[in-house]
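For reference, the structure is listed below as C-alpha cells.
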Amino acid sequence: MSNDVMIYASDLSKNFGSFRALDKVNFEVKRGEIVGFLGPNGAGKSTTMRILTCFISPTGGTARVNGHDVFDAPLQVRESLGYLPQRAPLYLEMSVLEYLRFAADLRHLDDSTFRQRARSVVEVCGLAQVLGKEIRHLSHGYRQRVGLAQALIHDPPILILDEPTSDLDPNEKAEFLDYLKQIGQHRTVMLSTHNLAEVEASCARAIIVSRGRVVADGPLDEIRAKSGRVRYVVSIQESAVGAQYRGRGPLPKRSEVEDALGKVDGVKKVGELPTDERAHSFELVSEQDVDLRPELFKLIVDKGWVLLELHRDAQTLEDVFRSLTIGDERRNRQLGAAAEADDEQDDEEDVDDEDEGDDEDAERSADEDQKVAKDDRS
Amino acid sequence: MRNILIIARRDLRAQFNSPVAYVVIGGTLLLLGLLIFKLPHMSVAGVAIGGFWEIDRATMDEMFSLLPALLSVLVIPAITMRSLAAEKGSGTLELLITMPVRDSEVILGKFLAAFTTVVILLALTLLYPIAMFKWPMNFGALDWGPVWSGYLGCLFFSAASVGLGLMFSSLTESDVVAFFLTLVSLFALYAIGPMVSVVHGGVIGDAISFISFQSRYQSFARGLIDLRAVVYFVSVALLSLLVSFRSLESRKWS
Ligand SMILES: Nc1ncnc2c1ncn2[C@@H]1O[C@H](COP(=O)(O)OP(=O)(O)OP(=O)(O)O)[C@@H](O)[C@H]1O
Ligand SMILES: [Mg+2]
C-alpha cells in the first residue's frame with residue numbers, strides 16, 4: 001500500500017443480524033482526491049462511513065485510514081478524520097461557539113489555534129450570525145453547517161461527510177463545494193450524497209454502491225461511459241403552421257418516423273419525447289463505438305423530411321446511476337421484499353423520488369438475479 | 001484523563017443548563033428540611049425516624065437516614081437517566097465517539113459528571129447541620145464525627161448508585177426507561193435492608209444485609225467506617241462501570 005492511500009477498504013462486510021448491509025466492499029481513496037460516494041437509500045453508505053470512523057466494526061474485511069487499522073488503532077484513525085454523521089446529531093442545549101470549542105477541546109487544539117481555525121470555519125460555513133445561539137433554535141440547514149464546522153475545526157487530512165449538503169440552501173451549497181475543492185488538493189474527502197449534480201460539480205471520482213456492493217468505481221467520465229450507451233435526440237418537423245413547409249412530399253406521421261428510425265442499423269431503442277404538435281421528437285440509444293449521425297441524416301434527407309434537431313450525447317451520470325441501481329428501486333416498490341423490512345432504524349427524511357426510473361437494462365439483470373438469489377438464502 | 005474532564009464538564013454544563021438539576025437538588029433539600037423538622041415519628045422503608053423536635057439529642061441522625069432514600073428514589077435516577085440513553089437516542093453519541101476519545105473515557109466522563117452533581121447536592125445538605133448547630137441557631141454541641149462518617153458513607157453509597165444508574169442508562173435508548181430501571185433497582189437494594197429484621201438473621205438474613213445498600217450504609221450513619229462496606233460499594237461501582245463500558249462497545253457488533 002503506497003503512502004498516498006489515505007482510505008483503504010478491503011472486503012469490508014457488515015451483517016446486522018441476518019441482514020447483510022455490506023458485502024465485500026473494496027476501494028481506495030488517495031491523497032488529494034474528492035470522492036463522491038453514491039447509492040440509493042439503504043445501499044450501505046452510512047454503514048461504510050461508520051466503519052471507517054470506528055463507530056461500528058465490520059463483520060469481515062479490513063479498513064485502514066491514514067495507514068491506521070480501524071481495529072488496532074481507532075484513536076489514531078479518528079485523529080486523522082473530520083466526520084459529519086448523517087443529519088448532524090449535535091448537542092441541542094449548547095451554543096454554536098460552545099459546541100465548536102468542545103470539539104476543539106477533544107481534538108486538543110490550543111486556544112490560539114482554536115481562535116484561528118474557528119475564524120476560518122465560521123467564514124466557510126457562514127456561521128457568524130448564529131455563534132451565540134443555542135443549537136436547538138437553529139434551522140436544519142444551520143445545524144448541518146455547525147456539523148460541517150466541527151468536522152473542519154482541526155483541519156484534518158481526511159474528511160468523511162455523510163450527506164453534508166442535504167439541508168443546505170443553494171448558496172451555501174455552492175460555497176461549501178467550492179471550499180472542498182479548494183482544500184481538497186492536499187486532503188482526502190469522501191462525501192456521500194444523492195445529488196448527482198453535486199458530484200459532477202465537486203468530485204473527480206465516484207464510487208457507486210447498491211445493496212451493499214460497489215457497482216462502479218472510477219473517474220466520472222469512465223463511469224459515464226460504463227453503460228456503453230450513447231443517446232441521440234432527433235426532431236422532425238410535423239406540421240408547418242403559418243409558414244411554408246420546406247420538406248419533400250407529405251408531412252410525416254409519427255409511426256412512420258418511429259419505424260424508419262428503428263430500422264437504422266445500430267439503433268437499440270427508440271423512445272418518443274414529449275413535444276408540441278410542430279415536431280416529432282425521438283430519443284435513440286445505441287452502442288458507444290458507432291456514430292449514427294451520418295446514417296440518421298441520410299435517412300432523413302432520403303425521406304425528404306425536415307430535420308429540426310439532431311444531437312448525440314453520452315449518458316448523464318444520472319442515467320448511469322439509475323441503470324446501475326435500478327434493481328434496488330424496483331424491489332422497494334414490491335411488497336414482500338423482506339430484506340428491506342428492517343429499515344426502521346434508518347428511515348430517512350430525504351425521500352429521493354428521482355430514482356424511480358423504469359428503463360430496462362438487460363445487462364444488469366443477470367447481476368440482479370444473482371443478488372436476489374443471495375438475498376433469498378439469508 | 002483530559003478527555004474525561006472535558007466530557008464531564010460538558011455533561012455538567014448540560015445538566016445545569018436544564019432545569020432538571022435545579023429541580024432535583026432544590027426539591028431534595030426542601031424535602032429533607034421538611035422531613036427533618038416537621039414530621040413526627042414515621043418510617044421510611046421500615047426505618048423509624050423521629051421528628052427532630054421530639055428527640056432531645058444534638059444529632060443529625062435523621063438526615064443521614066433520609067439521605068440515601070432520597071438519593072435512591074429521586075436524585076440519582078434523575079441525574080443518570082440522560083447520561084447515555086439520551087445520547088444514544090438522539091444520535092449525538094456517534095459524534096462524541098468518533099472524536100479521538102476512548103470508550104472508557106466516555107464512560108468515566110459521564111460517571112464523573114453525574115457523581116459531581118450528587119456531591120454538589122451533598123455539599124449543600126451541609127447547610128442543615130451548620131444552620132442548626134453553628135449559625136444562626138445553636139441547639140447544642142453537635143458531635144461532628146458521625147456527620148463526617150455519614151457523609152463518607154453517602155459518597156460511597158452514591159458512587160455505587162450512580163454506577164448502577166449509568167449502567168441502566170447505557171442499556172437503553174430511552175431516558176424514561178433508564179429512570180425507572182434505576183429507581184426500581186435502587187429502591188429494591190435499599191428496601192431489602194430492613195427485611196433483615198423480619199427473617200431474623202440466618203443465611204438469608206446475612207445474604208440480604210450483604211447486598212442491601214441500606215444495611216451496608218447503616219454503620220456509616222452510626223459513626224463507624226466499615227471497610228467491608230467501602231469495598232462493597234466500590235466494587236458495585238466498578239462492576240457497573242465495566243458493564244456500561246461493554247454495553248457501549250457492543251454497538252460495534254450489533
Ligand atoms: N444498526 C442497524 N441495525 C440493523 N440494520 C441496520 C443498522 N444500520 C443500518 N442498517 C441497515 O443497513 C442498510 C444500509 O444502511 P445505511 O444507513 O448504510 O444506508 P445508506 O446508504 O446510508 O442509505 P441512505 O441514503 O438512506 O442514508 C439498510 O438496509 C439499513 O436498514
Ligand atoms: Mg445514510
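In what follows, chains are A, B, ... by sequence order, proteins preceding strands, each numbered from 1.
- Between chain A and the residues B:R13, B:E87, B:R9, the largest count of heavy-atom pairs under 4.5 Å involves B:E87.
- Heavy-atom distances place both the backbone and the side chain of A:A103 under 4.5 Å from chain B.
- Between B:Y151 and B:F64, the ring planes are perpendicular. Angles over 60° get that label, and only those under 30° would be called parallel.
- Within the 4.5 Å cutoff, the side chain of A:M190 has heavy atoms near those of the A:M49 side chain.
- Heavy atoms from other residues, nucleotides or ligands lying under 6.0 Å from NZ of A:K24 number 12 at most.
- Contact annotation for B:R251: both backbone and side-chain heavy atoms come within less than 4.5 Å of a heavy atom of chain A.
- The closest side-chain donor-acceptor pair between A:Y91 and B:S90, if any, does not fall under 3.5 angstrom.
- For chain B, the option among A:P74, A:G17, A:S57 with the highest count of heavy-atom pairs below 4.5 Å is A:S57.
- The part of A:Q150 that comes within reach of chain B is its side chain, from C-beta onward, which places non-hydrogen atoms under 4.5 angstrom from that chain.
- Contacts of B:E249 with chain A are absent, with no heavy-atom separation under 4.5 Å from either backbone or side chain.
- For the set B:I7, B:V101, B:D103, the count of heavy-atom pairs under 4.5 angstrom toward chain A peaks at B:V101.
- At a 4.5 Å heavy-atom cutoff, the contact between B:R102 and chain A is made by backbone and side-chain atoms alike.
- No more than 12 heavy atoms of other residues, nucleotides or ligands shown are found within 6.0 angstrom of NE2 on A:H186.
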Criterion ring-ring contact (aromatic ring centres under 6.0 Å, His included) on A:F27 and A:Y8, from CA distance to verdict: CA-CA 6 Å; A:F27 60 86; A:Y8 169 82; 9.0 Å; no
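- A:H108 touches chain B through backbone and side chain together, each having a heavy atom under 4.5 Å away.
- Ring geometry for B:Y232 against B:F213 counts as perpendicular: the plane angle is over 60°, on a 0 to 90° scale with 30° as the lower cut.
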